Amino acid sequence: MNKEISTPFRTKEILAKYGFTFKKSLGQNFLIDSNVLTKIVDQAELTPESGAIEIGPGIGALTEKLAKRSKKVVAFEIDQRLIPILEDMLSPYPHVTIRHSDVLAADVHQVISEEFDEGQDLMVVANLPYYVTTPILMKLLEEKLPVRGIVVMIQKEVAERIAAKPGSKEYGSLSLAVQYHAIARTALTVPKTVFVPKPNVDSAVLHLELREKPPVDLMSESYFFEVIRASFGQRRKTLLNNLQNNLLGKENKPMIEEVLSETGIDGKRRGETLSMEEFAALSNAFYKRKD
Ligand code: SAM
């Protein structure tokens, strides 16, 4: 029986055998620590009936671990050069399907309906390419895929921003955009040394448990996010100033003040202190006054 793909020795051997060279532009930093990979898969709480969707399988280190713990794995890989390597490496696992595609351009709903059973427990598990972490996460969340959750290795600083609570310096529109769709926590932090090549930044595993229904009632989802973006426009400015300057205009100051007093939110506060519920109350009150 061959050793696991993820051991440093096997990884080196595979890269040499196929003459593979890393493309920095595709965020290719492969994991070479079996324990870290096991911890990532543990976070997904898969059962033998679960399905796993992976983004960017590389040479298959994480894919192999997922294959051992689930009924089916579907992995999206953008780099054509990796497809034959993956087909070879994962040939002992016929329940793994590799899709050669850019996940950002893929119709993931369609892939899910083709590859998995209806109602099957599904998790997205990935060591994401860092250059496109946020677009990939937002695509997965906004498309409201039928998945239980998402477990991803990402840049530590981005994981902290995503999981941040109101009042912290990391809290911002990204925290709210993700937390609207999911309950977020940083599961573990990971040193640079577990990758080849070593990235320039530290990493963390982010755990997202998708919400069955939104945590706040909104009159307009898109307007809610406009209010949030405006409120964080200039972080040193007060909420009142940001709303005036970035969304509603100075001429509407009296209306803004009226809404702030109606919702019990002090206009001198900064955006970063407002909870999701307070942003929802604000955006609904402004939205009602829109013509
Ligand atoms: N899963 C492997 C591991 O943990 O060792 C590799 C992870 S590496 C950080 C990211 C992988 O994502 C690379 O294989 C890269 O080619 C792939 N990738 C980059 N952009 C992608 C995209 N838009 N769609 C699908 N795969 C992508």
Side-chain angles (χ1 to χ4, degrees), residues 104 108-109 132-147 149-150 152 154-155 157-186 206-291:
L104 288 173
V108 185
H109 270 286
V132 276
T133 300
T134 310
I136 292 177
L137 280 179
M138 290 321 298
K139 172 186 165 101
L140 298 174
L141 294 169
E142 285 169 356
E143 290 188 353
K144 303 190 196 302
L145 302 174
V147 303
I150 300 175
V152 277
I154 59 175
Q155 194 178 327
E157 182 233 316
V158 180
E160 285 168 354
R161 276 168 47 210
I162 287 175
K165 298 272 174 288
S168 63
K169 73 174 191 322
E170 291 83 14
Y171 182 68
S173 46
L174 181 63
S175 328
L176 286 150
V178 173
Q179 291 175 31
Y180 177 71
H181 297 282
I183 298 166
R185 66 179 162 81
T186 301
L206 176 76
H207 184 288
L208 299 177
E209 179 191 335
L210 265 58
R211 298 184 191 276
E212 278 174 18
K213 67 179 190 56
V216 286
D217 285 327
L218 299 176
M219 294 177 67
S220 159
E221 217 173 275
S222 59
Y223 193 67
F224 170 68
F225 288 113
E226 270 182 56
V227 169
I228 290 171
R229 272 192 300 275
S231 305
F232 285 103
Q234 289 129 305
R235 289 188 80 106
R236 282 158 193 276
K237 292 230 153 102
T238 64
L239 183 62
L240 175 63
N241 271 326
N242 270 326
L243 288 168
Q244 262 182 201
N245 298 345
N246 308 325
L247 187 70
L248 297 154
K250 284 207 175 14
E251 66 285 6
N252 282 315
K253 189 174 180 196
M255 185 277 281
I256 303 173
E257 284 176 329
E258 193 184 298
V259 165
L260 287 167
S261 114
E262 180 187 307
T263 50
I265 298 168
D266 185 345
K268 291 199 220 52
R269 287 170 62 186
R270 312 231 183 271
E272 72 227 42
T273 68
L274 265 69
S275 66
M276 180 151 2
E277 290 70 22
E278 288 177 311
F279 276 119
L282 263 190
S283 87
N284 284 342
F286 287 130
Y287 194 78
K288 257 189 239 160
R289 286 167 169 80
K290 263 167 78 103
D291 40 19

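The chain is numbered in sequence order, starting from 1. Note that the structure is a prediction, hence the values are computed from the model and not measured.
Side-chain N or O atoms of R270 include one that pairs as donor or acceptor with a backbone N or O of R236 at under 3.5 Å. One N or O on the side chain of E278 and one on the backbone of S275 form a donor-acceptor pair closer than 3.5 Å. Put simply, the side chain of Y171 gets close to the backbone of L274: a donor and an acceptor are under 3.5 Å apart. Under a 3.5 Å cut-off, the side chain of N252 and the backbone N or O of L248 do form a donor-acceptor pair. At least one donor-acceptor pair under 3.5 Å links the side chain of N284 to the backbone N or O of D217. With hydrogens and angles ignored, the 3.5 Å screen pairs a side-chain donor or acceptor of Q179 with a backbone N or O of A164.
K139 NZ: more than 12 foreign heavy atoms inside a 6.0 Å radius. Counting non-hydrogen atoms of other residues, nucleotides and ligands closer than 6.0 Å to NZ of K268 gives a total of 12 or fewer.
Across all their heavy atoms, L239 and G271 have their closest contact at CD1-CA, 4.5 Å. For the residue pair T186 and A159, the shortest heavy atom distance occurs at OG1-O, 3.9 Å. Residues L141 and A182 come closest through the heavy atom pair CD2-CB, 4.4 Å.
Using a cutoff of 4.0 Å between basic side-chain nitrogens and carboxylate oxygens, R289 and E262 are scored as salt-bridged.
Relative ring orientation between Y180 and F225 is described as perpendicular, the plane-to-plane angle rising above 60° on a 0-90° scale split at 30° and 60°.
Between the OH atom of Y287 and the OG atom of S222 there is a distance of 7.0 Å, given to the nearest 0.5 Å. With rounding to the nearest 0.5 Å, the separation of CD1 in I256 from NZ in K250 is 9.5 Å. Once rounded to the nearest 0.5 Å, the distance linking CG of L140 with CD1 of I150 reads 5.0 Å.
With hydrogens and angles left out, the side-chain atoms of N246 and N242 include a donor and acceptor closer than 3.5 Å.
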Candidate pair I154 and I162, rule side chain to side chain contact (heavy atoms under 4.5 Å, CB included), full reasoning:
CA-CA 11 Å; I154 59 175; I162 287 175; 4.1 Å; yes
For a side chain to side chain contact (heavy atoms under 4.5 Å, CB included) check, start with the C-alpha distance between F232 and L176, then their side-chain angles and the critical distance, and finish with the verdict.
CA-CA 11 Å; F232 285 103; L176 286 150; 3.7 Å; yes
Side chain to side chain contact (heavy atoms under 4.5 Å, CB included), that's the test. Do K169 and E272 meet it? Break it down for me.
CA-CA 7 Å; K169 73 174 191 322; E272 72 227 42; 5.8 Å; no
Working for side chain to side chain contact (heavy atoms under 4.5 Å, CB included), residues F279 and L218:
CA-CA 10 Å; F279 276 119; L218 299 176; over 6 Å; no
